Chemist: 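Submitted below is the structure of interest, expressed as structure tokens.
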Amino acid sequence: MSDLRFTKDHEWLRIEGDAAVVGISDYAQEKLGDIVYVELPEIGRKVAKGAEAAVVESVKAASEVYTPVSGEVIAVNDALGENPAEVNGDAMGKGWFFKIRLDDPAELGDLMDEAAYRKFVEGLE
Amino acid sequence: MGESDSNALRRTPLYALHHELGGKLVPFAGYEMPVHYRPGILAEHRHTRTAAGLFDVSHMGQIRLIGAGADAALERLVPGEIKALKPGRMRYTLFTNDQGGVSDDLMVLRRADDLFLIVNAACKEQDFAHLQCHLGAGVAAEFLEDRALLALQGPAAAAVLARHAQGVESLRFLGGAVMTVAGIETLVTRSGYTGEDGFEISLAADRAEALARRLLAEPEVDAVGLGARDSLRLEAGLCLYGHDLDPETTPVEAGLNWVLGKRRLAEGGFPGVAVIRRQLADGPARLRVGLLPDGRAPVRDASPIEDANGRVLGQVTSGGFSPTLNRPIAMGYVAAAVAAPGTPVEFLVREKRLPGRVVALPFVPHRYART
């Protein structure tokens, strides 16, 4: 009954009704290392699938976070402003980035479920 | 030095140990080097500031200059005072080019019968060729390929090393001596690249892992990777060659006037002396400064620096996050007229304008053992 979906760019989505919460996977936070800054989209912004929606910065470098689905940003995780390390500590929970109201739930069909993502990540190692 | 006949990455004598310690190895200056170990860059950085960090810097070039006129010969390539350098003393200097730019920065230690140079990994072949080409008759350059280099840095470094080496306490900042450390013959200098007290230890490559293990067994010592080495040196306001120094940047622009020997400036006889004299007399057009973004977003190398009206003032050359100050810090070059601490600036990052200001360097005070 997992409502989690993943992208090949290591974002995760948790489907909540007609919306989805988006973050980066545990694999991604591990690869990035210590996260010191997260730039989040403005609430109300319309984003198209595959567009850059957030930026996550580790000590070493900045990385873009792409939205896996199209829609309107309806919430962002302001707590990351003060405590970006939450992404390292709890990437799949308290380290969420933004919530988006889905334009087209059919886009979810392109994403991996948890088992498929796990397999995908194993193939990268 | 032999030709590098493949693109294969080189390994230091501590390669196996890096793996064992969970090091994340990345390509750096032609070597596979640990950017961090299991604790991560922030923890390794803080450990170095509070206890002691052990760094593998064996990728750096170690070169001996042998011959009675070695000091005079080296002075033909650098603006520093080398002839007056006393045995057992070390000095920071620069290879300059005819335009007064910097082709590498290096440390020079005078020993009883030679000069011992440490140069950057990415420049070492070029530096060695440059030396061989210009030293002249009677002075030989020898590349020490079979040596490793370890750095032990932090407020606990001296106490730790003293457990394994007699006489370490008698070295002061930028002193060097041959010492037996844990039964291994080494060349120890009290120097480093973190702003902390600490030591750099040159030794035979085949003994490096044994010494590293002995030092890591000390409770104060953790392995620290190149990621924290970079954030430590940035907090200390120290230049990274290829970023803060390059062939188009002069020592005067870099604010490194203290490396220009008084006698050397008067006598001349090093590449770029005319440009350097002119910049000293007239003032340089731009200067290296510390930069402090107001917000939380890091500002990185190559970000443009502008004033509030969009006039270009300069460019960031090193930027990142300061674990000690828990905020972003940066270094860069701005027009001399706006180089005073307190001057407001704006950084262009991802098409946004982030406010900040010029500040004095270093960000974190040095804690060298000067006396």
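These figures come from a predicted structure and were not determined experimentally.
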Chemist: If you take all heavy atoms of A/Ala62 and B/Arg300, which pair is closest and at what distance?
Modeler: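 Residues A/Ala62 and B/Arg300, closest heavy atoms: N-NE, 3.9 Å.
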
Chemist: Looking at A/Glu30, I want to see if its CD is surrounded by more than 12 non-hydrogen atoms of other residues, nucleotides or ligands under 6.0 Å.
Modeler: no

Chemist: Restricting to side-chain hydrogen bond (donor to acceptor under 3.5 Å, both in side chains), what partner residues turn up for A/Tyr117, sequence neighbours left out?
Modeler: A/His10, A/Ser25

Chemist: Could you tell me which portion of A/Val55 (side chain, backbone, both or neither) has an atom closer than 4.5 angstrom to a non-hydrogen atom of chain B?
Modeler: side chain

Chemist: Between B/Ala297, B/Gly227, B/Gly40, which residue shows the highest count of heavy-atom pairs closer than 4.5 Å to chain A?
Modeler: B/Ala297

Chemist: Return each pair, listed once, that meets side-chain hydrogen bond (donor to acceptor under 3.5 Å, both in side chains) where at least one residue sits in residues 33-43 of chain A; pairs must be two or more places apart or across chains.
Modeler: A/Glu39-B/Arg350, A/Glu39-B/Lys352

Chemist: Mind checking which of residues 318-334 of chain B sit less than 4.5 Å from chain A, heavy atom to heavy atom?
Modeler: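 Expected list: B/Phe321.
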
Chemist: With sequence neighbours left out, what residues match B/Glu248 under side-chain hydrogen bond (donor to acceptor under 3.5 Å, both in side chains)?
Modeler: none

Chemist: Can you tell which part of B/His36 gets under 4.5 Å to a heavy atom of chain A, answering side chain, backbone, both or neither?
Modeler: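 Contact with chain A involves the side chain of B/His36 alone.
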
Chemist: Above 12 or not: heavy atoms from other molecules or residues under 6.0 Å from CD of A/Glu82?
Modeler: no

